[in-house]
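Scroll down for the structure; my scribbles are underneath it.
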Amino acid sequence: MPRRTRDPARPGRWALLRLTLRDQRRNLVIGTVAGLVWMAGRVTVPILIRFGIDRGIGDDQHVWFWAGLVALTGLFVGIATAFRRYLAFREARWTETKLRERLFGHIMSLHIGYHDRAQTGQLMSRSSSDLQQIQAFVVMIPITLSNLAMILTVTVILFLTNPLLAFVALLPLPIVNLAGRRFSQEIHPAVQAVQAEQAQLATVVEETVGGIRVVKGFGSEDVQAAKLLTEADDIRRVSIQAARIRAKFLPAIELLPQLGLIAVLGLGGKQVIDGDLTLGQLVQFNFYVALLVSPLRMLGMAIAWAQRAAAAIERVDEVLDTVPEVADPAGPRALPTAGALGAVRFRDITFGYDAQSPVLDGFDLDLMAGESVALVGGTGSGKSTVARLLIRFYDIQRGSIEIDGVDIGDLTLHDLRRAVGIVFEDTLLFHDSVSANIAFAHPGTDHATVERAARLAGAHDFIMGLPEAYDTLLGERGYSLSGGQRQRIAIARAILADPRILVLDDATSAVDPSKEHEIRTAMSTVMAGRTTIVIAHRPGTIALAAKVVLLDEGRVVAAGTHDGLLATEPRYREVLAAMDAPETAGRPAGGAR
């Protein structure tokens, strides 16, 4: 995971869970009360059995009376058990849901720089398996409290019944406690290692599935399979290590109480023979000792779940603890809504993804409302960086960017990104209908508006040729469509969003040159009367803009019309020649473009 900036106001890992549980404390208390009722029923059964033996044996009427009471108590315990478990699981799922919503919302709020460095598989693991570990621990809270109450209650009853037998029966418990503490210390790092390796495995799977075309295109299935095997072996190795720790401690935690039971049978049996103890009391005593075994074993499980939850909470908190470097201002301003809208001003911009290596250095650019400009430059000149800074994917290190006279740092991110629409080079369509993809910025838009945007983008005709037209469900990332079709849907999405400023970030690079004119026609329609920044490599796309700006080493070195720069700027001709070379390489001489 990327390095994080800690928020000093945020609580620690257990405080995170405590604050989450605070909102559901009423139901957790109810669940705990149900657990105490369950405990009372369980504790009552041995007493009834004792009376049934001591007072009922030899009298059929009394035997059936006590047997009936035991049966009724058992029914009572069963109902309490169901209620206790239902409440425990309901509250645990609620906790998981609230944490997942909070984590997902925070992940979406984090700046692009964080996502540039974060592994998707790691974030997926924190949003799924880690939250499931926390959920499993929350389930144990009311159950563990009722088990603790049973241990204390049974211990008191044992000492009141026969102090000597109670002492013998409970003698192993301090050793059980010591073993439990040692187990807790050793299992925590092992469990943390397992969860970290699971996240690594998730990363490999996510990258392989997401990049399946690259994997298959290069015939690298074996390479990815080898990576998966490595991660799977790592999970097996650390899981076996954790299993060894459990195998070392859990049998002792379970066995030691049984030793007390054996001692009780020996000493208690002798006391019955000597007449110091009734048979019913001995049976009751053994029942109580046996009742201790399960709660003690559950305590061992609770310790294990607590350690897993601790590791999971730490990993979740690592994400929640990250402060977004790009955030809404404390006192946001609003963009003007009257007059000519869409003016953009870049003033003395300095920015680098690494602060020591600026991509833009002294960048200046003014766009009047409704003006279109094409940014042209060699690889690494900062063209796409300009677009990313305009929508505050990153914050500049020096200078200012204004839209209609308002510094973008004074706008909420929502308002800014509604004002600036962008069509990316790598078009992402979601696994949803064509209509939903076009209306992505405004869900619920009526069909007529969606169709109008599609017509303006030149997408309506091919959409109507799809199996279910606008209701056709697109496959993963929209790969069931051609590059040009995906790009036209992306343009339609930008039209429907109706931004005052449009950025076309190399929007024709993935389109076959023979179809490029169709995309350019759609782009011209969208650009009409709208402030537009075109980041382009192809002369035909550059020509869509009224003004061309040449970037070199992070600053504007020339500006003018396409034809004017061709005639006067050698560097402009060099950049265009370098851009054109990859397209013409390998094409027969004189071949049509």
Side-chain angles (χ1 to χ4, degrees), residues 2 107-118 120 322 324-329 335 342 344-367 372-403 406-428 440-441 487 490-491 493-494 497 499-510 530-537 541 545 549-556:
I107 288 172
M108 287 196 295
S109 76
L110 290 173
H111 49 286
I112 293 296
Y114 176 89
H115 291 284
D116 288 343
R117 300 184 296 274
T120 303
T322 304
E325 293 177 7
V326 177
D328 288 338
L335 286 168
V344 180
R345 171 176 291 181
F346 293 84
R347 275 288 174 265
D348 193 26
I349 303 298
T350 296
F351 171 80
Y353 300 100
D354 175 359
Q356 307 303 318
S357 305
V359 176
L360 298 178
D361 188 7
F363 176 79
D364 289 285
L365 181 65
D366 283 340
L367 281 81
S372 60
V373 61
L375 301 184
V376 180
T379 302
S381 60
K383 304 182 299 297
S384 293
T385 299
V386 172
R388 294 167 187 168
L389 295 180
L390 181 59
I391 56 176
R392 282 195 74 196
F393 273 2
Y394 307 87
D395 274 339
I396 56 178
Q397 279 125 28
R398 191 183 72 200
S400 65
I401 303 174
E402 295 178 358
I403 295 176
V406 180
D407 192 296
I408 62 171
D410 294 332
L411 299 171
T412 65
L413 294 174
H414 179 271
D415 288 350
L416 171 63
R417 291 166 186 173
R418 289 296 187 188
V420 182
I422 186 166
V423 179
F424 293 98
E425 173 185 1
D426 181 19
T427 302
L428 174 65
F440 180 70
Q487 202 66 286
I491 294 172
R493 185 161 59 192
R500 64 180 69 187
I501 300 161
L502 179 66
V503 180
L504 301 171
D505 188 0
D506 214 4
T508 61
S509 64
R530 193 189 310 270
T531 306
T532 309
I533 298 175
V534 180
I535 299 169
H537 289 89
T541 307
V549 170
L550 177 63
L551 273 66
D552 194 19
E553 296 185 354
R555 64 185 63 191
V556 176

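Taken from CG in L360 to CZ in R388, the straight-line distance is 11.0 Å, to the nearest 0.5 Å. Once rounded to the nearest 0.5 Å, the distance linking CD1 of I396 with CZ of R398 reads 10.0 Å. One distance of note links CG of D328 with CG of D410; it measures 11.5 Å at 0.5 Å rounding. Here I533 contributes atom CD1 and L375 contributes atom CG; the two are 6.0 Å apart, rounded to the nearest 0.5 Å. Atom-to-atom distance recorded for L389:CG and F346:CZ is 7.0 Å, nearest 0.5 angstrom. Here the CZ atom belonging to F393 is positioned 6.5 Å from the CD1 atom belonging to I422, to the nearest 0.5 angstrom.
For L411 against P329, the heavy-atom pair with the smallest separation is O-CD, 3.2 Å. The two atoms that bring V503 and A387 nearest to each other are CG1-CB, 3.6 Å, heavy atoms only. Shortest non-hydrogen contact noted between V373 and A545 is C-CB, 3.6 Å. Between L504 and T532, the closest heavy-atom pair is CD1-CG2, 4.2 Å. Shown here for A419 and L335, the closest heavy-atom pair between the two residues is CB-CD1, 3.6 Å. For the pair G421 and P499, the tightest heavy-atom approach, listed with the atom from each and the gap, is N-CB, 3.3 Å.
In this model, a donor atom of one side chain and an acceptor atom of the other lie less than 3.5 Å apart for T385 and Y353.
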Using the rule given for side-chain contact (heavy atoms from CB on, under 4.5 Å), can you reason through R500 versus T531, listing the C-alpha separation, both sets of side-chain angles and the distance that settles it, and then say yes or no?
CA-CA 7 Å; R500 64 180 69 187; T531 306; over 6 Å; no
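A salt bridge is defined here as a Lys NZ or Arg NE, NH1 or NH2 lying under 4.0 Å from an Asp or Glu carboxylate O, and D364 with R555 fails to meet this definition.
L390 is listed as a side-chain neighbour of I403, based on a closest heavy-atom distance under 4.5 Å.
The closest donor-acceptor contact from the side chain of R417 to the backbone of I391 lies under 3.5 Å. Under the 3.5 Å distance criterion, the side-chain polar atoms of K383 are matched with a main-chain donor or acceptor of G377. Formation of a donor-acceptor pair under 3.5 Å by the D366 side chain with backbone atoms of R345 is not found in this model.
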